[in-house]
Amino acid sequence: MPATTALERDLVALLAEAGFARIEPPLLIAADLVRDLVGEQIARRMFVTADADGTELCLRPDYTIPVAHAHLTGPSMSKAGAYSYCGPVFRQGPSGSGEFVQAGVESLGRTDREAADAEVVALALEATRALVKKPLRLVMGDLAIVLKLLPALGLPPVWRRRLTKDFRRSGMLAADLDALKASVAGAPTYSGLVAALEGADKAAARALVADLLSIAGISTVGGRSTGDIAERFLEQATLGSSGLTPEKVEVIEKVLAVSGNPIEALDSLRAITKGAGLDLAEPLAALEARNALLAARGIDLNAVSFSTGFGRDVDYYTGLVFEIHDATSDAEAPLVGGGRYDRLTDMLAAKLGLAGPVPAVGCAFWVERLAQSGKASNGGAS
């Protein structure tokens, strides 16, 4: 699909010149595939239809999944691939048509992860600067630090899943930490039937809860089946599991509170983990290497905002996450956003029956937002 505006044409040219070949995947993709990979926040905004056989399809909500699918099912799947795109994506919203123009790049299969990360961030910043002649703000985080921290602390699996899932959801992580502190302090996080089920055989307890709900005439609640509700009961019963201490909660809070430029953040994280006796050498070494590579590409790290608690509202990120904002605007929506999403490609490869990890990093440019910021920076000229 050809670019239709001068800004789109300029952006497409910039991405192609950087070595990212243009790709145009299908508009319609399997709805179940998207639901499994993107998480609730995007899945509930999909436009869904069905083919003649009744198979559910959806209009692509972004380019990442169809581009990754095209790479993994194409002739170059065993090699590194660098792709760019520009075209419509579709997500339901409170207003408007739900159709947006998105451009971006995806880098798949590169094992030099930090170098690939740095290339994508630098290209995103360079392209945005070329199109928007005003101050920009680069915000970064690294989910790999949190993903390594939780098991290193020995948190129960249910807490690891809950904290990881809620990491990107505004306000929910703070509530999780409050609940975690309450369970450590002995405050009840559950009662009644849930407390009675703690320690019971999981299958039997799940069946008991489902039976009780059925006896009460409850088949579904908010779209959840009785089995789903029973599973939730059992999860709540394990939230107060042993192995939690005030010291562990304090370490989590300290790590998630780290912010500053990436160099300051690295120093703070090393001090915290050393004091707590935790081994986070791998993600911190990756952060250090990425910092050096970004600096080598001319990015002033002192002007970058890094926060360990920063995440993006998509479930598939596993490492670097970043956004570029118009520094002169109070708007929360980024001009560009992206990061490392090895989890998505690994899950997709498994669904396709392919072996081995598939490293992946990319970013998306929101073309309408870029156009609006560019228009404002030119005094309203079109």
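None of these values were measured; they are calculated from a predicted model.
- Checking side-chain atoms of D346 against main-chain N and O of V358 turns up a donor-acceptor pair under 3.5 Å.
- You'll find the side chain of F20 stays beyond 4.5 Å of the side chain of Y83, heavy atoms only.
- When side chains are defined from C-beta on, R343 does not count as touching Y317, because their heavy atoms never get closer than 4.5 Å.
- Salt bridge E24/R60: present, at least one basic N to carboxylate O contact under 4.0 Å.
- The aromatic rings of Y85 and Y63 lie parallel to each other, with less than 30° between the two planes, well short of the 60° mark.
- Just one residue in the list L59, L27, V367, V101 forms a side chain to side chain contact (heavy atoms under 4.5 Å, CB included) with P88, and that residue is L27.
- Under the rule for a side chain to side chain contact (heavy atoms under 4.5 Å, CB included), the partners of M46 that lie at least two apart in sequence or sit in another chain are A31, V34, R35, V48, C58.
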Let me check something: any side-chain donor-acceptor pairs from residues 264-271 under 3.5 Å, sequence neighbours excluded? List them with distances.
unit_1 : atom_1 : unit_2 : atom_2 : d
E264   : OE1    : N261   : N      : 3.2
E264   : OE1    : N261   : ND2    : 3.4
E264   : OE2    : N261   : ND2    : 3.4
S268   : OG     : E264   : O      : 3.1
R270   : NH2    : E288   : OE1    : 2.9

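- Between atom NZ of residue K274 and atom CG of residue L280 there is a gap of 14.5 Å, rounded to the nearest 0.5 Å.
- At a threshold of 4.5 Å between non-hydrogen side-chain atoms, the residues L11 and L370 count as touching.
- Within the 4.5 Å cutoff, the side chain of L320 has no heavy atoms near those of the V120 side chain.
- Distance check, rounded to the nearest 0.5 Å: CG of L108 to OH of Y341 gives 4.5 Å.
- Side-chain contact between R113 and V361: absent, with no pair of heavy atoms (C-beta onward) separated by less than 4.5 Å.
- Residues satisfying the salt bridge (Lys or Arg N to Asp or Glu O under 4.0 Å) criterion with D10, sequence neighbours excluded, are absent altogether.
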- Message: Does M140 form a side-chain contact (heavy atoms from CB on, under 4.5 Å) with L294? I'd like the steps, not just the answer.
- Response: CA-CA 12 Å; M140 296 174 58; L294 288 170; 3.8 Å; yes

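- In this structure, the separation between CD on E253 and CD1 on I272 is 11.5 Å, given to the nearest 0.5 Å.
- In this structure, CG on L278 lies 13.0 Å from NZ on K148, to the nearest 0.5 angstrom.
- Between T49 and L28 there is a side-chain heavy-atom pair separated by less than 4.5 Å.
- With hydrophobic clusters built from ILVMFWY side chains whose heavy atoms lie under 4.5 angstrom apart, L287 does not share a cluster with L293.
- Within the 4.5 Å cutoff, the side chain of R22 has heavy atoms near those of the C86 side chain.
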